[in-house]
Each structure stands twice: as structure tokens, then as C-alpha cells.
Amino acid sequence: MSASKPISTVEATLTLKAWNLLREEFPLASEHVTPSEDGLYLLNIPIADFNGIGRFVLGLGEEIKVKGPKTFLEFLRKKAAFFAE
């Protein structure tokens with residue numbers, strides 16, 4: 001996805017599995033990840049669209065803890081609700 005400027009910045013905590021998959025699927029995202037002291041990885045990335053990162057997050061369930069923004073969390077809730085119908 002691309003845009004002239006980001007619509008938001010997503011913050012999340014990744015497990016090692018999620019971090020490895022992120023590097024494999026989106027190598028340029030690596031510059032937006034920093035290791036934390038507890039063995040997890042902190043993602044703080046500007047995004048142009050919620051769909052790409054939403055697919056990634058929903059596909060990894062327990063491997064990613066999204067911290068914000070609220071608009072992205074609401075986007076994820078709506079997508080997840082679709083599967084509960």
C-alpha cells in the first residue's frame with residue numbers, strides 16, 4: 001500500500017515468531033522495530049493503510065499485541081467480527 005504520507009502510526013509488541021515473519025514478508029519494516037529487554041520486539045511504524053498490517057496482525061493472533069492507535073484497534077475488531085457471524 002502506498003500513500004503520499006502515512007495515515008497513522010501503529011505500535012505493537014511482537015514475539016520472535018512475529019518478528020521473523022515481519023522481516024521475511026516486509027523487510028523494509030525492520031528499521032521500525034527495536035528489541036526490548038524481555039525478549040519481545042517493539043514495532044512503531046507509520047502506515048498508509050490498515051489493510052496490509054491488519055492482515056498480518058489478524059493472521060498471527062497471539063504473537064502480536066497491538067498498543068494503538070485506537071482507530072487501528074477498531075479496524076481489527078470489525079474485521080474479526082466478520083468471522084464470528
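Just so we're clear, the structure is a prediction, and the values are computed from it rather than from any experiment. All residue numbers in this chain count up from 1 along the given sequence.
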Inter-residue atom distance [X].[atom1] - [Y].[atom2], 0.5 Å rounding:
X: Ile7; Y: Ile47; atom1: CD1; atom2: CD1; answer: 4.0 Å
X: Phe75; Y: Ile53; atom1: CZ; atom2: CD1; answer: 10.0 Å
X: Thr13; Y: Ile64; atom1: OG1; atom2: CD1; answer: 10.0 Å
X: Leu22; Y: Leu60; atom1: CG; atom2: CG; answer: 9.5 Å

Next item on the list: Not counting sequence neighbours, which residues clear ring pair (Phe, Tyr, Trp, His ring centres under 6.0 Å) with Phe72? List them please.
Entry: Phe50
Next item on the list: With side-chain contact (heavy atoms from CB on, under 4.5 Å) as the test, would you mind laying out the steps for Lys79 and Leu76 before giving the verdict?
Entry: CA-CA 5 Å; Lys79 290 291 185 181; Leu76 293 173; 5.7 Å; no
Just list the side-chain donor-acceptor pairs under 3.5 Å for residues 29-46, sequence neighbours left out, or say none.
unit_1: Ser30; atom_1: OG; unit_2: Pro27; atom_2: O; d: 3.1
unit_1: Ser36; atom_1: OG; unit_2: Asp38; atom_2: OD1; d: 2.3
unit_1: Ser36; atom_1: OG; unit_2: Leu40; atom_2: N; d: 3.4
unit_1: Ser36; atom_1: OG; unit_2: Leu40; atom_2: O; d: 3.0
unit_1: Asp38; atom_1: OD1; unit_2: Leu40; atom_2: N; d: 3.3

Checklist line | Pairs flagged by salt bridge (Lys or Arg N to Asp or Glu O under 4.0 Å) wherever residues 52-77 is involved - sequence neighbours left out | finding: Glu25-Arg55, Glu74-Arg77
